[in-house]
Protein chains: 2
Amino acid sequence: MKKIPEILDKLRRTGFKLTPQRLAILEVLQGNTDHPSASMIYQSVRDRYPMISFATVYKTLKVLEKVDEVRPLTIVEDKLNYDPDTSPHHHFHCRACRRIIDVFPSEDPMPSSIDGHQVDKYQVYFYGLCADCAGRKDA
Amino acid sequence: MKKIPEILDKLRRTGFKLTPQRLAILEVLQGNTDHPSASMIYQSVRDRYPMISFATVYKTLKVLEKVDEVRPLTIVEDKLNYDPDTSPHHHFHCRACRRIIDVFPSEDPMPSSIDGHQVDKYQVYFYGLCADCAGRKDA
DNA sequence: GTACTTGCAAACAGTTTGCATAGGC
DNA sequence: GCCTATGCAAACTGTTTGCAAGTAC
């Protein structure tokens, strides 16, 4: 995700309007590495913008997906999590603390095709026990 | 997924019972490379076992997950797909025909740990246009 | 003023659960 | 006979949608 003013520009250029709700959501996402779900975003936004609705959160996330400023993750079954960092990287999901942790591979370029199929996007999900939780178990 | 008699043995050993419903589900899954969703499985099973219920399909899939004979995929948003091939391989999702296609990497072993986090399982999902659909577009 | 956006509530899809009945072993 | 499995319906979760009222530009 770019800096907020740049995103606002991009939205305006794409024909989207700037609303306080959208700004509040952008502020919650900016720099966020928690990979929040829609409901986590809703709750955080509500702290600073109490009258926001769930529908607006979902609709705004769709807009941000469209302008490629947020990436939906299907790492957890039955809900989506959102990553404002759209740079190429992977994710690790800890089965104990349930955190989603960024993993930046030293090198792992997305193939442009595989078995003759054209690849536009890819996701790598790791599952297991994170370093913190593994340490806690041993102790 | 192993051969059906072996799975039946495994189920019995693990304390699960053998029912016609479970057998019918196993028969549908055996050798299936379509990565069906629960509802696709339900429909296929119904052809040969018309009185089966959705709940049974879901419960059986949970059992098969537990004995590691089926692998749930989160490649598509908002539903699970099931892969009876539990050998290590990746998946490609075509945005046009919506198929999920197996991808067997020449080499791509699962790391046992990454950034100090213990990895038990991983999934690689590719998204794009499959060879068939890309060809169709050009024509 | 003209879209586009919001917020609400209702709708929806996929999945899970409680419970009475059926059936495997 | 014991205990698990089935089937139904209801419940639940996350997400989407229709629409009237509000608002950015």
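Every chain is numbered from 1 and lettered A, B, ... according to where its sequence line falls, protein lines coming before strand lines. The figures that follow rest on heavy atoms only: side chains count, while hydrogens, waters and symmetry mates do not.
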(message) Tell me if the NZ atom of A:Lys66 is crowded by more than 12 foreign heavy atoms within 6.0 Å.
(response)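 Not more than 12 within 6.0 Å, no.
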(request) Tell me which of B:Thr56 and B:Asp78 sits closer to the 5' end of DNA chain D, going by the nucleotide each one is nearest to. (result)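 That would be B:Thr56.
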For atom [atom1] of [X] and atom [atom2] of [N], their distance in whole Å:
X       : N      : atom1 : atom2 : value
B:Leu61 : C:dG14 : CG    : P     : 14 Å
B:Leu11 : C:dC25 : CG    : C1'   : 14 Å
A:Phe54 : D:dT13 : CZ    : P     : 12 Å
B:Glu77 : C:dG14 : CD    : C1'   : 14 Å
A:Leu80 : D:dG14 : CG    : C1'   : 9 Å
B:Tyr42 : C:dT15 : OH    : P     : 14 Å
B:Lys79 : C:dT16 : NZ    : C1'   : 18 Å
B:Lys62 : D:dA5  : NZ    : P     : 15 Å

(message) Side chain of A:Thr60, heavy atoms from C-beta onward: which of D:dT16, C:dT6, D:dT15 has the nearest atom to it?
(response)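 Per side-chain heavy atoms of A:Thr60, the pick is C:dT6.
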(message) With salt bridge (charged side-chain N to carboxylate O under 4.0 Å, His left out) as the rule and sequence neighbours excluded, what pairs involving residues 32-45 of chain A come up?
(response)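 Matches after skipping sequence neighbours: none remain.
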Are a donor atom and an acceptor atom from the side chains of [X] and [Y] found within less than 3.5 Å of each other?
X        : Y        : answer
A:His89  : A:Asp83  : yes
A:Asp102 : A:His35  : yes
B:Asp132 : A:His117 : no

(request) Please determine if a side-chain N or O atom of B:Arg22 lies less than 4.0 Å away from the OP1 or OP2 oxygen of D:dT6. (result)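 Looking at the OP1 and OP2 atoms of D:dT6, one of them is under 4.0 Å from a side-chain N or O of B:Arg22.
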(message) Ignoring hydrogens, what is the shortest heavy-atom contact between B:Leu29 and B:Pro84? Give both atom names and the distance.
(response)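 So the minimum-distance heavy-atom pair works out to O-CG, 3.3 Å.
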(request) Scan A:Gln21 against the nucleic acid and name what it touches under 4.0 Å (heavy atoms): base, sugar-phosphate only, or nothing. (result)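 Counting heavy atoms under 4.0 Å across all strands, the contact made by A:Gln21 is with sugar-phosphate only.
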(request) For each nucleotide in nucleotides 17-25 of chain D, reading 5' to 3', give B when a protein heavy atom comes within less than 4.0 Å of its base, S when such contact involves only the sugar-phosphate, and - otherwise. (result) BB-----BS
(message) If the test is side chain to side chain contact (heavy atoms under 4.5 Å, CB included), which one of B:Asp9, B:Val67, B:Val63 qualifies with B:Thr14?
(response)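 Result: among B:Asp9, B:Val67, B:Val63, B:Val67 is the only option passing the side chain to side chain contact (heavy atoms under 4.5 Å, CB included) with B:Thr14.
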